[in-house]
Amino acid sequence: MYIQKIQDFILYSLSKTYQNVDLKTIENDGPIVQKSPDSIKSDFGSSLALRLAKLLKKPPIEIANNLSTFLNKNKPDFIDEITVLKPGYINFSINKKDIASKLKNIALEVNTLKKHFDKQSETIQIEFVSANPTGPLHVGHIRGAVYGSALSKVLSFYGYNMKNEYYVNDAGNQITEFGESILNKILKSNKDDTSDSYKGEYILDLANDIQKELNLNSKNLTKEVTKIGINKMLTSIKNDLSKLNVKFDEWFHESQLFKDKTLDEVIKKLNEKEFISQKEGATWFLSKKLGDDRDNVLIKKDSSHTYFFSDIANHYNKFFIRNFNKVINIWGADHQGHIKRTKLAMESLGVESENLIIKISQMVTIKKGTEIVKISKRSGEYVTLSEIVEEVGSDACRYFFLSKSPDTQLTFDIELAKSQNSSNPIFYIQYAHARLIKLLESAKKAKIEVNKDSKITIDSEKELEIGKKILEFPEMIEQIVKELEPHHITRYCLELASLFHSYYQSEKIIDDSDNEISESKILFCNSVLNTIRQCLDLMMISAPKKM
RNA sequence: GCCCGCGUAGCUCAGUGGAUAGAGCAUUGGGUUUCUAACCCAUGUGUCGAAGGUUCGAAUCCUUCCGCGGGUGCCA
């Protein structure tokens, strides 16, 4: 909340003190104001003077002193003290009263945290999970589901209009093989036959299930079985996702692109731009022309289409038929090789590179104790999403997967996760929430009422620390929006909860003998509660009133 | 081979140009007649994979190397 203000203040004073410095260059050169490290007494610091030393041909300490003279003369109310330290740091301490008044707003009105952000005019479509409907979601899909849903939630909180989409691959080879595998189970008497492409318990279940409602005289049996099979799988996928609190606005089917003749349209457009060529009996997209290592096939020799082709069509639909300006895709690391060519294809169709954002979430290795579990849809080796969510719980599951950067290949130890009951940080956060709720109830019983005339007085180190942490909330959100990586919120929330637990332990909040102090503390605790509650809401984790 | 990502405490991971590198778990020892002990307080650990380089300043940027994962199909 303060960083931007201090930065503006510094840049203003820089422009007044050293007129010949180009502010734009300075701003683009990196952050100007940062949180002070714990070892330094102040709250925020700037290393601007150090950076300017070369340019201005002056010792940094001199620049810092010159700037601080101006800064001190024009010091806004929210700053208490400005000091210059050793090589040339300019440090700022924030006024306690200013912190207190900001906390009061947060305490009285949950929406204060949200109001900090402007409503954005832009609509962003975000696609995630999009697993093929040929099998149940497995534990690896949890990561994408959690990442995408939390990111979307934060972006929406920030003010964007978000549309969550699941792309259903319901055409192509995999789907046909899936249908055939089920049909074989229905028609063959030997249910143990393993020659089919898709194996596993769930195929047999599907076969038994479908058999009941199937008309065996149907003209195209495979087609019918496939259709029913996919629908059943989709129902199960939706059900699994809802266990993790994940919901989609749109389930877009690949088959739609065929019905709408989008693929034809795409190839026509690409052809007009001379990115299509026929060779070796296939139709190619000339991505080499745009800098890729090789060209890519769109229509195979047998006249069927590649995944890449319908993927272009899918994106064409997003940008040119449904008219989204900005699209985010979250893909698993196994699709990382598709990024370049997909972006190139879209660029050749006229989409600005920055408007198609593809984020990769790294692989999840599943461990059971010391044994690595391999997951394969076709072999039927499974640890399903619902199995894990039911054992570990949605909250702990979400927190665990959300707490890691998407760039990290993480190891998910199923045994550990199951045993991770009270040692899991999420319970610690939820406990802080439950404690606050109970505390505020007790305050009500003790007839301590807070309203807009109440006042917060910060008079302990712990309160000050909590207050400053709460006011970091907007910057934490901004970082997520900038990087499109929501894991920062888990740490933030944990830190806040930790500070609160420590505070709670160290002093009595409801003091029957002093109503004024109790009122201030209760109001203060309301600001903590509202912030923790907001974080839990953004992580889509429940906020229990009792534990 | 080439392309992408990663390598930070015993373990799981934050930190991607600034000040003495952090958190959770694990370890060890203490704490409750009290608003919830699923809590608190104390406890120590790092060749930031290695070597060079850029910089006033590097875990962070560049180069090379080592290790791990993924990709490199007219599979998805």
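Residue numbers start from 1 in every chain, and the chains themselves are labelled A, B, ... in the order their sequence lines are given, proteins ahead of strands.
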H315(A) side chain to N329(A) side chain, donor-acceptor N/O pair below 3.5 angstrom: yes

When all nucleic acid strands are considered with a 4.0 Å heavy-atom cut-off, which category describes A443(A): base, sugar-phosphate, or nothing? nothing

Regarding the side chain of N132(A), the nearest nucleotide among A14(B), C4(B), A76(B) is A76(B)

Compare the minimum distances between each of C13(B), C39(B), G70(B) and the side chain of T411(A), then state the nucleotide with the smallest one. C13(B)

Mutual orientation of the aromatic rings belonging to F178(A) and Y198(A) [parallel < 30°, tilted 30-60°, perpendicular > 60°]: perpendicular

Roughly how many Å apart are U63(B) and A58(B), using the C1' atom of each and rounding to a whole number? 15 Å

Would you mind reporting whether S361(A) and Y147(A) have side-chain heavy atoms less than 4.5 Å apart? yes

Counting only side-chain nitrogens and oxygens, does H501(A) get under 4.0 Å of the OP1 or OP2 atom of U36(B)? no

Y428(A) has an atom OH; how far is it from atom P of C40(B), in whole Å? 4 Å

L494(A) side chain, from C-beta outward: closest of A23(B), C75(B), C39(B): A23(B)

How many whole angstroms separate atom OH of Y431(A) from atom C1' of C35(B)? 11 Å

Any side-chain donor near an acceptor of the partner, T408(A) and Q362(A), under 3.5 Å: no

Interatomic distance where NE2 belongs to H305(A) and P belongs to C74(B) [whole Å]: 15 Å

Minimum-distance nucleotide to N173(A) side chain [options: A76(B), G18(B), C13(B)]: A76(B)

Separation of atom CZ in F401(A) from atom C1' in C13(B), rounded to whole Å: 14 Å

Just to be sure I understand the rule, does K54(A) reach a base, reach only the sugar-phosphate, or reach nothing, if contact means heavy atoms closer than 4.0 Å? sugar-phosphate

When we call it a touch if two heavy atoms are under 4.0 Å apart, what does E280(A) touch: a base, just sugar-phosphate, or nothing? base

Nucleotide A14(B), atom P - distance to CD of Q362(A) in whole Å: 11 Å

Going by 5.5 Å between centroids and 30° between planes, is there a stack of Y89(A) over G18(B)? no

Paired with Y503(A), the side-chain hydrogen bond (donor to acceptor under 3.5 Å, both in side chains) test is passed by just one of E465(A), E463(A), K521(A), K462(A), namely E463(A)

Kindly point out which of C74(B), G5(B), A19(B) is positioned nearest to the side chain of T306(A)? C74(B)

Just compare C75(B), U72(B), G71(B) and give me whichever is closest to any side-chain atom of R294(A). U72(B)

Are OP1 or OP2 of C41(B) and a side-chain N or O of S502(A) less than 4.0 angstrom apart? yes

Treat a base pair as Watson-Crick or G-U wobble with both distances under 3.5 Å, then lay out RNA chain B in dot-bracket form, 5' to 3', with | for cross-strand pairs. ((((((((.[[[[.)..(...]]]]..((((.......))))......[[[[[..)....]]]]])))))))....

Which whole-number value in Å describes the distance from I26(A) CD1 to G18(B) P? 16 Å

The side-chain contact (heavy atoms from CB on, under 4.5 Å) partners of T490(A) (sequence neighbours excluded) come to Y399(A), L402(A), S403(A), M539(A)

Within the 4.0 Å heavy-atom criterion, would you say T490(A) contacts the bases, only the backbone, or no part of the nucleic acid? nothing

Taking NZ, NE, NH1 and NH2 as the nitrogens, is one of them in K359(A) or E485(A) under 4.0 Å from a carboxylate oxygen of the other? yes

Test item: V528(A) and L103(A) side chains (from C-beta on) under 4.5 Å apart, heavy atoms: no

Picking from A76(B), A37(B), G24(B), the nucleotide nearest the side-chain atoms of P425(A) would be G24(B)

Nearest-nucleotide pick for L410(A), side chain only, options being A19(B), C13(B), A38(B): C13(B)

Please state how far atom CG in L439(A) lies from atom C1' in C39(B), giving the value in whole angstrom units. 14 Å

